[in-house]
Trainee: 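Can you keep this structure in mind? I'll have questions shortly.
Heavy-atom basis, side chains included; hydrogens, waters and symmetry copies ignored. Indexing begins at 1, ligand by ligand and atom by atom, following the structure's order.
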Amino acid sequence: MELRDLPGVDQVLGRLAPLLARFPRELVVGEVRRVLDEMRAGLRSGASPDEASVEERVERSLAALARPSLRRVINATGVILHTNLGRAPLPGYPLVTGYSNLEYDLEAGARGRRDVHAGGLLRRLLGAPAIAVNNNAAAVYLVLHELAAGQEVLVSRGELIEIGDGFRIPEIMAHSGALVREVGTTNRTHLDDYREALTPRTRLILRVHRSNFRMSGFTSSPGVAELAALGRETGVPVYEDLGSGCLMDLSAWGIDEPQPAASLRAGAGLVSFSGDKLLGGPQAGIIAGQPDLVSRLRRNPMYRAFRLDKLVLQALETTARLLVLGEHRRIPVLRMITMPADEIRARAELVLARLDAPGVELTAGESVVGGGSTPGQSLPTWLMAFASAAPDALERQLRSSDPPVLARIERNRLLIDLRTVQPEEEAELTRALQALSW
Ligand SMILES: *Cc1c(COP(=O)(O)O)cnc(C)c1O
């Protein structure tokens with residue numbers, strides 16, 4: 001095709017009657033112009049021509065526009081809290097999208113507060129008053145800003161960490177207006193280091209959980225109880241950023257993460273943690289602790305800026321209620337973590353029985369919690385391993401199925417871990433595996 005062969009806008013529109021019936025005229029015209037410009041530029045630069053006609057391209061791009069961009073995917077990677085896949089899959093619950101009693105007290109017939117819906121449940125789980133904001137990063141900011149802006153916060157040099165995606169403790173501290181006073185060294189910090197760094201301007205002792213890495217060897221740092229004792233002596237509260245904040249004891253499954261209620265019992269004045277890590281709920285940041293401190297946070301104008309939307313609030317309330325009622329198996333993250341390897345093996349055998357795939361075998365392997373938590377800890381699992389000279393091509397095929405299936409590649413094998421596949425997704429997964437061309 002040459003430049004002079006390109007049709008005019010009106011000529012193309014004449015052939016697009018079905019699209020004009022479906023989409024606003026301005027949108028179609030704009031898309032036709034954009035496609036023609038793109039083709040003109042392509043022809044000028046001598047790029048290898050795409051065979052598709054102008055109409056086909058316009059149709060394709062409008063169809064893509066009409067399709068949701070954020071889609072459901074099947075996570076067969078075995079990474080339970082996969083940050084790229086939205087961290088925690090949520091428990092199913094009927095969603096209220098219309099009017100609701102979000103900020104209305106039905107009994108009193110008067111204005112109510114949105115915190116009450118999840119607040120009471122969180123209080124039961126944590127043994128202290130709690131509020132929720134958009135994520136744990138916002139929680140850290142709010143606590144530092146309200147309690148220590150313009151004043152000093154003590155933090156160990158071993159805890160000035162970076163969590164994925166650019167969340168750095170020193171940076172968020174700087175933005176909150178709190179002045180960081182680093183104590184100790186990277187590998188060792190003692191109680192006396194904190195004591196010596198205290199000044200009349202110290203407002204908070206911050207302790208940060210090293211969520212995504214492990215330190216070993218010549219290391220030490222005081223526990224929360226020791227810090228809290230120092231805090232009581234000097235009138236400075238301890239605030240612990242716990243990261244995951246596991247609300248169920250998972251040690252029987254080899255997952256060793258600090259529990260917020262334990263940290264509060266040990267004397268922390270405040271704790272905060274994410275809603276979408278080991279809690280298994282929506283993206284949120286939960287802050288709990290001493291009533292006077294929590295009410296100060298609630299009154300800070302930034303609390304209003306960070307407050308939860310009604311959809312998130314419903315998911316948080318549902319997750320918290322399931323935990324209170326002991327129904328952790330209805331929370332997908334907790335069901336996945338606690339699923340025995342034997343059960344995964346039995347499920348995989350059933351899927352394999354329905355497949356006619358060459359070179360596939362069941363092999364022992366490991367799933368991980370992920371989401372920047374529990375480094376160095378893993379869960380035993382059974383993997384379906386598809387040996388192939390081109391596992392990348394298989395992975396790509398699975399990724400383009402509907403719904404997309406995401407798998408792991410290790411050496412020359414494509415690996416499917418059913419731990420992170422929800423049972424109701426197995427039929428779809430089987431279909432996607434059957435459709436693979438080897
Ligand atoms: C994950 C994490 C955060 C950030 O939490 P988000 O909910 O993702 O904002 C902050 N601190 C620690 C220690 C974490 O592990």
Trainee: Tell me whether ligand 1 is touched by Val140 - counting only heavy atoms on the residue side and a distance under 4.0 Å.
Mentor: no
Trainee: Quick check on contacts: which atoms of ligand 1 are under 4.0 angstrom from a heavy atom of His209?
Mentor: 13 (C)
Trainee: So which of Leu279, Ile286, Leu247 actually passes side-chain contact (heavy atoms from CB on, under 4.5 Å) with Pro260?
Mentor: Leu247
Trainee: Need the ligand 1 atom indices (1-based, order shown) with element for anything under 4.0 Å from a heavy-atom of Phe167.
Mentor: 10 (C), 11 (N)
Trainee: Taking only heavy atoms of Arg87, which atoms of ligand 1 are found under 4.0 Å from at least one of them?
Mentor: 6 (P), 7 (O), 8 (O)
Trainee: Which option wins on minimum heavy-atom distance to atom 6 (P) of ligand 1: Ala284, Ala139, Ser274?
Mentor: Ser274
Trainee: Considering only residues two or more places apart or on different chains, which pairs with a residue in residues 75-86 satisfy side-chain hydrogen bond (donor to acceptor under 3.5 Å, both in side chains)?
Mentor: Asn75-Thr77
Trainee: Kindly write out the residues that satisfy side-chain hydrogen bond (donor to acceptor under 3.5 Å, both in side chains) with Arg113, not counting sequence neighbours, or none if the list is empty.
Mentor: none
Trainee: Looking just at side-chain N and O atoms, do Gln434 and Arg354 make a donor-acceptor pair shorter than 3.5 Å?
Mentor: no
Trainee: Is there a heavy atom of Lys277 sitting under 4.0 angstrom from any atom of ligand 1?
Mentor: yes
Trainee: Compare Ile169, Thr83, Ile161, Asn136 and give the one whose heavy atom is closest to atom 4 (C) of ligand 1.
Mentor: Asn136
Trainee: Considering only protein heavy atoms, which is closest to atom 11 (N) of ligand 1, and at what distance to one decimal place?
Mentor: Asp241 OD2, 2.7 Å
Trainee: Consider side-chain contact (heavy atoms from CB on, under 4.5 Å). Of Ile409, Thr381, Leu383, which one does Leu415 pass it with?
Mentor: Leu383
Trainee: Number the atoms of ligand 1 from 1 as they appear, then name those within less than 4.0 Å of a heavy atom of Ser211, with their elements.
Mentor: 12 (C), 13 (C), 14 (C), 15 (O)
Trainee: Looking only at N/O atoms, are Ser244 and ligand 1 under 3.5 Å apart anywhere?
Mentor: no
Trainee: Around atom CD of Glu26, are there more than 12 heavy atoms of other residues, nucleotides or ligands at under 6.0 Å?
Mentor: no
Trainee: Using a strict cut-off of 4.0 Å, indicate which atoms of ligand 1 neighbour a heavy atom of Ala137.
Mentor: 5 (O), 6 (P), 9 (O)
Trainee: Pairing donors with acceptors under 3.5 angstrom, does anything connect the side chains of Tyr239 and Ser272?
Mentor: yes
Trainee: Can you tell me if Arg71 has over 12 outside heavy atoms packed within less than 6.0 Å of its CZ?
Mentor: yes
